[in-house]
Amino acid sequence: MAATRTSPRPSRTARRRAPLWRVAPPRQSLASAAPVSALSAAAGPALPSLGGDNRRLGDYERRVRQAFAAIEPVLRQIAALPQDAEFVRRAQHEARSRLGFELPVSVLERAWIGGLDMRALFAHASFATVRALSDDYFLNDPLGMGTRAAEFGRFLLECGFHEMSLTPCSDGRLAHVIGYVLRLPMGGVRRKAHAGALFDVEEAVRRWTETELRRHREGVPNTAEAPTRYLKVVAYHHSSRDPAHQGCAAHGSDDARAAAAGLAQLRAFREAIENSYCCGASIDILLIGIDTDTDHIRVHLPDAAGEPALERHLDSGPLHAGTRGLGPQAARAHIRAAVAAAGGASPPAEGMQRLVARLIEHNLEQLDHVAAEYDGHYADAGHQERFIGVGGDLAEVQLRNLTFFAFMRTLEEGAADLDIGIGIFRRLNLERGLPIPVVVRFDYPGRVPGARARAVERCARVAEAIARRYPELVAQGLLHTWSTVRDSDHGGRIESVGGSLSEWEGL
């Protein structure tokens with residue numbers, strides 16, 4: 001909101017002069033490279049509040065997008081170089097100076113035989129850029145999210161919740177829902193994206209069971225007898241600019257259908273918990289709608305019994321206008337009053353009201369950001385993703401329209417989601433002759449013996465299944481996979497464990 005904006009919008013001159021994002025030092029393997037710092041150079045210290053710094057977020061977003069946007073023009077210039085004795089040297093100079101990394105030597109050296117394999121180079125460059133994005137996120141915390149997880153955990157407990165699990169649609173236009181739209185710390189919120197926000201109920205029950213078992217056995221984040229609840233949130237989406245065509249593809253761009261399906265899934269999850277573990281194990285549910293053109297949110301407030309209603313919701317747009325010019329305390333009081341009033345005769349519990357008010361306050365900061373950077377509306381109403389993420393959640397992806405994500409442990413359980421993503425990339429990449437880059441990721445608990453080996457095996461199985469499902473794309477070099485794993489217990493950077501490109505070892 002205007003009262004809490006911490007810095008003015010950077011000038012266009014300042015943007016042009018910002019240093020390019022560097023993926024890795026020239027001729028230095030990523031395994032030994034120093035942490036990438038260009039992305040976070042202007043980030044500054046983490047704010048003490050849970051709200052974000054719009055300048056920090058804007059700088060980060062521009063640097064990441066610049067890195068991906070540079071790939072195609074640099075490769076075009078390399079393709080135009082004369083393939084003489086100096087070709088490899090010139091090509092590597094262009095890649096190092098403009099992308100920050102070298103291209104596979106073997107691909108460049110074979111150019112004189114059958115021409116440059118531009119599809120392989122494009123896929124490699126995409127994966128190398130994803131690598132840098134990931135390293136920067138986990139090693140440098142450029143958004144300051146790690147420092148806020150503990151604070152948000154304490155706030156959740158004060159609101160009466162010991163866990164918050166959020167399922168957004170896997171549409172890339174919602175990939176920034178945690179770090180930008182709601183300004184929440186990734187480490188403090190569990191995110192699992194699914195097409196249409198239709199999460200697997202049985203998988204969600206298993207996650208709930210793990211959380212409750214840890215409370216019983218370890219007292220984390222609090223003991224089992226504490227009167228707190230598990231909160232499950234679904235975030236569906238709609239388009240104010242083109243509602244009939246740019247809404248959720250999984251629901252035929254029908255806003256009402258998307259909202260109803262999200263609420264039905266939440267109710268099914270709650271019923272599954274109650275039927276399996278009795279009413280004492282009840283959870284709280286919350287439904288949120290996001291306008292992908294503006295990032296306005298629509299919160300469907302539950303009533304005193306914890307039941308949301310599709311027709312009862314609070315929109316952040318009018319609140320954004322209503323708090324303009326107010327001081328921080330007055331703005332917060334205005335938001336709290338609006339939340340209480342939206343509950344009607346049967347308002348939600350005090351803790352739920354506090355949480356919803358905090359989410360709306362954070363969203364108003366995001367609306368300030370969108371207003372300053374994009375005049376209130378994103379230019380790309382439709383899909384503009386750069387790669388597909390498959391497997392476990394890619395925590396490092398916090399930017400809008402950067403990746404389409406398909407959560408799965410086996411291809412069979414996520415095939416429908418992946419098919420939607422491939423369909424999107426047929427329009428984005430294949431129609432222009434570019435391949436589809438697919439990043440396969442599975443995290444593993446490093447303290448568990450054999451966990452890494454099982455994660456690597458799962459990567460191999462999923463990558464092989466993807467190749468079998470889309471054999472014509474693979475045969476033409478129009479689909480490439482890169483498999484990665486990460487130790488979730490000890491943190492640190494991701495590890496390359498396989499790929500369809502023979503040069504994946506260099507990533």
Side-chain angles (χ1 to χ4, degrees), residues 64-65 67-73 75-76 79 117-127 129-130 168-177 193-198 236-255 257-258 290-294 374 377-390 394 397 399-408 411 414-440 466-467 469-482 500:
V64 173
R65 296 201 183 283
F68 281 96
I71 293 174
E72 190 172 340
L75 293 183
R76 285 178 181 272
D117 186 348
M118 297 307 300
R119 291 170 178 173
L121 292 180
F122 180 87
H124 181 93
S126 298
F127 293 145
T129 308
V130 172
C169 178
S170 53
D171 188 303
R173 293 169 295 176
L174 269 69
H176 65 321
V177 62
H194 290 268
L198 299 177
Y236 69 94
H237 64 101
H238 55 96
S239 168
S240 57
R241 178 181 299 174
D242 189 1
H245 302 96
Q246 297 298 344
C248 183
H251 299 296
S253 289
D254 186 324
D255 300 353
R257 180 176 152 194
I290 300 176
D291 181 350
T292 55
D293 298 318
T294 64
Y374 304 100
H377 288 80
Y378 290 109
D380 52 344
H383 293 276
Q384 295 292 331
E385 292 94 336
R386 297 290 182 171
F387 66 97
I388 295 177
V390 169
L394 276 67
V397 176
L399 293 180
R400 178 185 181 275
N401 242 347
L402 185 63
T403 180
F404 181 94
F405 183 74
F407 175 75
M408 66 182 75
L411 181 62
D417 287 10
L418 185 57
D419 285 345
I420 292 175
I422 294 294
I424 290 171
F425 273 81
R426 286 185 185 277
R427 300 188 298 273
L428 291 177
N429 285 24
L430 298 189
E431 289 183 1
R432 298 189 296 128
L434 296 175
I436 303 173
V438 179
V439 177
V440 181
I466 291 174
R469 189 171 185 85
Y470 311 103
E472 74 288 349
L473 297 181
V474 173
Q476 299 174 61
L478 288 172
L479 189 153
H480 284 288
T481 58
W482 178 43
S500 58

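Of all heavy-atom pairs spanning A193 and S170, the tightest one is CB-CA, 3.9 Å. Residues V439 and F387 share a closest heavy-atom pair of CG2-CD1, 3.7 Å. Residues H480 and P435 approach most closely at CD2-CB, 4.2 Å, considering heavy atoms. Between A244 and S253, the shortest heavy-atom contact is O-CB, 3.4 Å. Across every non-hydrogen atom of F127 and P437, the tightest pair is CE2-CB, 3.6 Å. Pairing each heavy atom of L418 with each of V390, the nearest pair is CD1-CG2, 3.9 Å.
Atom CD1 of residue I388 and atom OG1 of residue T403 lie 7.5 Å apart, to the nearest 0.5 angstrom. If you take CZ on R426 and OH on Y470, they are separated by 8.0 Å, rounding to the nearest 0.5 Å. With rounding to the nearest 0.5 Å, the separation of OG in S239 from CG in D255 is 8.0 Å. Here F425 contributes atom CZ and L434 contributes atom CG; the two are 11.0 Å apart, rounded to the nearest 0.5 Å. Atom CD1 of I422 sits about 6.5 Å away from atom CG of L473, to the nearest 0.5 Å.
Looking at I424 and Q384, their side chains never come closer than 4.5 Å, going by heavy atoms from C-beta outward. V440 has its side chain out of reach of W482: every pair of non-hydrogen atoms, C-beta onward, lies at least 4.5 Å apart.
For the 3.5 Å distance criterion, the side chains of T294 and D291 qualify, holding a donor opposite an acceptor.
T129 places a side-chain N or O within 3.5 Å of a backbone atom of A125 that can act as its donor or acceptor partner. In this structure, the side chain of D293 engages the main chain of S240 through a donor-acceptor pair within 3.5 Å. A distance-only check finds a donor-acceptor pair linking the side chain of E385 to the backbone of G172 [under 3.5 Å]. Side chain of R400 to backbone of T292: a donor-acceptor contact under 3.5 angstrom is found. Side-chain N or O atoms of D417 include one that pairs as donor or acceptor with a backbone N or O of A195 at under 3.5 Å. A side-chain donor-acceptor contact under 3.5 Å links R241 to the backbone of Y378. N401 places no side-chain N or O within donor-acceptor distance of the main-chain N or O of H383, the cut-off being under 3.5 Å. The backbone N or O of P168 sits nowhere less than 3.5 Å from a side-chain atom of H194 that would complete a donor-acceptor pair. Of the possible polar contacts, one joining the R173 side chain to the A381 backbone as a donor-acceptor pair under 3.5 Å is found. A donor-acceptor contact shorter than 3.5 Å links the side chain of R119 to the backbone of Q476.
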* Check the pair H245, D242 against side chain to side chain donor-acceptor pair (under 3.5 Å), reporting the backbone distance first and the verdict last. => CA-CA 6 Å; H245 302 96; D242 189 1; 2.9 Å; yes
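Taking a 6.0 Å sphere around CZ of R432, one finds it holds more than 12 heavy atoms contributed by other residues, nucleotides or ligands.
Checking L430, T481, L478 one by one against I436, the side chain to side chain contact (heavy atoms under 4.5 Å, CB included) holds for a single residue, L430.
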